[in-house]
Amino acid sequence: MFNTIIVEAKECLQNTEGLAYKGTVSTTRTGINCSSWSGIAVNNEVQTHQHNYCRNPDADPKGPWCFTSDPDVFWEHCSIPLCDDVDITTKLVEVTFCLNQRSKTLYRYSAGCRLYWKCEYVSTTDTGKTCQDWSQTYPHLHDFTAKLGDQQNYCRNPDNEPLGPWCYTTDPASRWEYCTVPLCEQNCRMNQQGKNYTGKINKTRFGQKCQAWSSLVPHEHPFAVKLADDEDYCRNQNTELYGPWCYTTDTGTRWEYCDVPYCGKDNWKYGWQEHKGSVYIIQYTEKSWVDAKNFCINNHTAYLAEIQTNEENEFLMNLLPKPTADNGDIDIWLGARDLKVNGQFTWTNSSTNLDFTDWGPKEPNGRYEECLATH
């Protein structure tokens with residue numbers, strides 16, 4: 001169950017990112033209390049704030065967030081309205097989806113950053129020297145005891161050294177040295193393109209086995225050298241719109257996209273979302289189609305979404321929850337059924353036929369299908 005966060009009118013964002021937000025909201029959008037920022041590193045920069053208010057230190061495009069006090073939820077966005085938020089007295093449209101909620105630890109990733117403070121604890125330098133504890137000033141005196149005093153003797157990069165994490169050593173003759181800290185393996189994608197993905201999925205969305213990047217058989221390609229170390233894993237090195245992909249071992253299919261899950265629930269939308277004079281809201285609860293329809297009517301004087309145009313379809317597809325590493329099977333109810341004629345769906349609220357459709361492969365298949373869903 002998600003808690004409602006009530007804030008005063010002055011607690012609002014000038015824009016979606018909310019970089020200038022200086023308010024005092026200190027709970028996440030699901031009602032979890034924020035923890036203090038003091039001493040926590042965000043993209044290699046140690047925070048010095050002595051409070052637990054929602055902020056956006058890394059210019060997250062989805063707005064202010066905070067680390068949480070819940071050991072199972074590392075961080076989460078905050079629910080802070082825009083100062084010029086939409087008037088929800090306009091037409092209400094609602095979508096809902098079925099999902100068994102499970103709480104898992106979420107890690108804050110950032111593509112291209114060495115998240116050494118979460119991926120692996122390294123405390124020896126490249127030459128094998130043991131690191132000096134950051135809280136100590138012997139054998140080497142330094143100015144980082146206040147910032148990194150709780151980081152024990154792990155390699156860090158408090159001054160943004162160009163070659164990455166380092167530490168003072170316990171060798172009096174060697175003041176400091178760099179450390180080799182492996183990059184985090186990211187088993188999920190941060191956005192639709194998923195260029196950050198470095199996991200080990202090696203089959204396409206239709207089950208084809210991926211061709212090794214170092215191989216030119218059966219398909220020749222220009223990535224044999226650049227991606228030789230990536231074996232046969234799905235990647236998106238050329239910024240394909242719909243995410244990671246691979247060449248296949250099937251001579252008749254050159255390449256296909258892969259089903260790579262999104263990273264956690266941070267890509268899920270909460271609250272009313274405006275589009276072309278209507279507003280939409282997602283209910284993150286498990287319901288049957290009938291219960292979902294009744295919930296919309298009884299709780300919001302609304303109805304399950306009816307998609308009329310390609311533009312509205314694209315808006316909803318970007319709005320709806322994406323499969324995550326923990327929750328891979330997500331179905332979203334839409335407001336259509338085929339009770340009168342099998343396979344002929346009708347929008348229930350407007351009692352009209354589906355003028356616009358975007359069916360998946362071999363759909364509708366006519367097997368036990370009475371309610372319309374998308375995923």
Side-chain angles (χ1 to χ4, degrees), residues 61 104 106-116 118-120 164 180-268 310 313-332 357-365 367 373-375:
K104 295 289 183 181
L106 297 179
Y107 294 94
R108 186 169 186 79
Y109 294 110
S110 180
C113 297
R114 276 189 163 183
L115 302 186
Y116 50 87
K118 264 305 181 189
C119 291
E120 184 171 325
T180 296
V181 180
L183 294 173
C184 303
E185 179 180 301
Q186 296 204 2
N187 295 310
C188 51
R189 52 173 158 166
M190 296 295 298
N191 51 36
Q192 181 171 279
Q193 288 188 330
K195 291 191 69 176
N196 68 294
Y197 176 70
T198 57
K200 296 182 178 180
I201 293 175
N202 61 357
K203 288 186 178 181
T204 73
R205 61 190 306 177
F206 296 116
Q208 297 277 12
K209 190 179 185 305
C210 292
Q211 173 183 317
W213 294 102
S214 61
S215 174
L216 299 178
V217 179
H219 305 289
E220 293 188 1
H221 61 86
F223 304 111
V225 175
K226 182 178 180 181
L227 297 181
D229 293 336
D230 288 276
E231 301 185 32
D232 60 346
Y233 305 134
C234 301
R235 294 292 183 262
N236 191 7
Q237 68 288 332
N238 60 339
T239 319
E240 286 291 333
L241 179 61
Y242 296 109
W245 59 278
C246 70
Y247 297 105
T248 82
T249 55
D250 180 359
T251 56
T253 305
R254 180 167 172 77
W255 70 276
E256 284 181 344
Y257 286 111
C258 305
D259 272 335
V260 175
Y262 283 73
C263 297
K265 300 170 185 175
D266 55 297
N267 61 85
W268 293 4
N310 183 59
N313 184 60
E314 290 183 356
F315 170 78
L316 285 179
M317 292 307 101
N318 288 323
L319 174 66
L320 295 175
K322 309 297 191 298
T324 71
D326 292 331
N327 304 293
D329 187 16
I330 299 178
D331 292 321
I332 302 98
T357 59
D358 185 25
W359 297 112
K362 300 181 181 179
E363 296 289 351
N365 60 38
R367 294 179 298 178
T374 187
H375 60 271

Do any pairs count as a salt bridge (charged side-chain N to carboxylate O under 4.0 Å, His left out) and have a residue in residues 213-225, sequence neighbours left out, and if so which ones?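 Matches after skipping sequence neighbours: none remain.
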Could you pull out all residues at least two apart from [X] that satisfy side-chain hydrogen bond (donor to acceptor under 3.5 Å, both in side chains)?
X    : result
T204 : E256
Q208 : D250
E314 : N310

If the condition is side-chain contact (heavy atoms from CB on, under 4.5 Å), which residues does [X] pass it with, not counting sequence neighbours?
X    : answer
D259 : R205
E240 : N236, N238, W245, W255, Y257
K203 : none

Please tabulate, for the side chains in residues 221-229, all donor-acceptor contacts under 3.5 angstrom to protein atoms that are two or more places apart in sequence or on a different chain.
residue, atom, partner, partner atom, Å
H221, ND1, F223, N, 3.0
H221, NE2, W213, O, 3.1
H221, NE2, S215, O, 2.9

Gap separating the OG1 atom of T248 from the CZ atom of F206, nearest 0.5 angstrom: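 Between T248 OG1 and F206 CZ, I get 12.5 Å after rounding to 0.5 Å.
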To the nearest 0.5 Å, what is the distance between CD on Q211 and CG on N202?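 Here the rounded value is 13.0 Å.
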With sequence neighbours left out, which residue pairs that include part of residues 197-229 fulfil the disulfide (SG to SG under 2.5 Å) condition?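 Sorted pair list: C210-C246.
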Work out which heavy atom in K209 is nearest to a heavy atom in D232; give both atom names and the distance.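 Between these two residues, the closest heavy atoms are NZ-OD2, 3.4 Å.
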Does F315 have any ring-ring contact (aromatic ring centres under 6.0 Å, His included) partners at least two apart in sequence or in another chain, and if so, which?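 Counting only residues at least two positions away or on another chain, F315 forms a ring-ring contact (aromatic ring centres under 6.0 Å, His included) with H275, Y280.
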